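Worth saying up front: this structure is predicted, and the values here are computed from it rather than measured. Protein chains get the first letters and strands the later ones, always in sequence-line order, with residue 1 at the start of each.
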Number of protein chains: 2
Amino acid sequence: MKTRIRELRAKMGITQEELAQQVGVRRETIVFLEKGKYNPSLKLAYKVARTLGSTIEEVFIFEEEDLA
Amino acid sequence: MKTRIRELRAKMGITQEELAQQVGVRRETIVFLEKGKYNPSLKLAYKVARTLGSTIEEVFIFEEEDLA
DNA sequence: ACACAATGTTAGATATACATAACAGGTGCA
DNA sequence: TGCACCTGTTATGTATATCTAACATTGTGT
């Protein structure tokens, strides 16, 4: 799963640490999300999207394999 | 978290069992999702939404507390 | 080159989504 | 009455998201 977290975060001019605080998770969690290293819970995905001023389906990019 | 799974599933005329099979999870998982008893992974939410011919943000209804 | 901020990585602990199996209640239909 | 189908629940096990802390790397400005 790819994401636009890094891109949107840069656009807002905030660091991983700041995003993490606003979302209420640890910075490492943001690192892993940005790198697509895991499949977040729906609520976390929602909080990240809202904090970045966007929607879930705009922030997280699903691929074919995600429907398999 | 509330959902429109039951409503959309009824509209498609399929059972929990059939939805579960199409999504690739157990029927109990669908029961729990319909009742808002847990917070699914993003990929599962995506599969459910697509199988119901809808989007994540239309199927899963977020509340204020989900941003807390 | 130095200092400092931002990012990346790793290892171990905890919480919980999801699987699995088994059983119970309801509804409709022969 | 009976049976078959759909739905709900409960208990236990496994996989993994997330936390925590510590350290490594990269970038940026002076």
Round to the nearest Å and state the distance from B:Glu17 atom CD to C:dA19 atom P. 12 Å
Can you tell me if B:Lys35 touches the phosphate of D:dT9, counting only side-chain N or O atoms and a distance under 4.0 Å to OP1 or OP2? yes
Looking at the side chain of B:Arg6, which of D:dG8, C:dA19, C:dG8 is the nearest nucleotide? D:dG8
Give the nucleotide from the list D:dT7, C:dA19, D:dT18 with an atom nearest to the side chain of B:Thr29. C:dA19
Whole angstroms only, please: what is the CG-P distance between B:Leu33 and D:dG8? 12 Å
Describe, in one word, how the ring planes of A:Tyr38 and A:Phe32 are oriented to each other, choosing from parallel (under 30°), tilted (30 to 60°) and perpendicular (over 60°). tilted
Under a 4.0 Å threshold between the charged nitrogen and the carboxylate oxygen, would B:Arg9 count as salt-bridged to B:Glu18? no
Could you tell me how far apart A:Phe60 (CZ) and D:dA17 (C1') are, to the nearest whole angstrom? 13 Å
Taking the side chain of A:Thr15 as its heavy atoms from C-beta onward, which of C:dA21, C:dT7, D:dT20 lies nearest to it? C:dT7
To the nearest Å, give me how far apart CZ (A:Arg26) and C1' (D:dC23) are. 14 Å
So, does the side chain of B:Glu28 form a donor-acceptor pair with the base of C:dA21 at under 3.5 Å? yes
Tell me whether A:Arg50 is salt-bridged to B:Glu57, with the criterion being a basic N under 4.0 Å from an acidic carboxylate O. yes
Quick check: on DNA chain C, is the nucleotide nearest B:Arg27 upstream (toward 5') of the one nearest B:Asn39, or the reverse? Name the residue that is more 5'. B:Asn39
A:Ile14 atom CD1 is separated from C:dA5 atom P, nearest whole Å, by 18 Å
So, is B:Gln16 near the phosphate of D:dC5, with a side-chain N or O under 4.0 Å from OP1 or OP2? no
Is there a donor-acceptor pair under 3.5 Å between the side chain of B:Thr51 and the backbone N or O of B:Lys47? yes
Do B:Glu28 and B:Gln16 touch side chain to side chain, with heavy atoms closer than 4.5 Å? no
Could you state the CD-P distance from A:Gln21 to C:dA5, rounded to the nearest angstrom? 14 Å
In whole angstroms, the gap separating P of D:dC5 from CD of B:Glu18 amounts to 12 Å
Starting at atom OH of A:Tyr38, determine the distance to atom C1' of C:dG8, rounded to an integer number of angstrom. 13 Å
Report the residue (B:Ser41 or B:Lys37) whose heavy-atom-nearest nucleotide on DNA chain D is the more 5′ of the two. B:Lys37
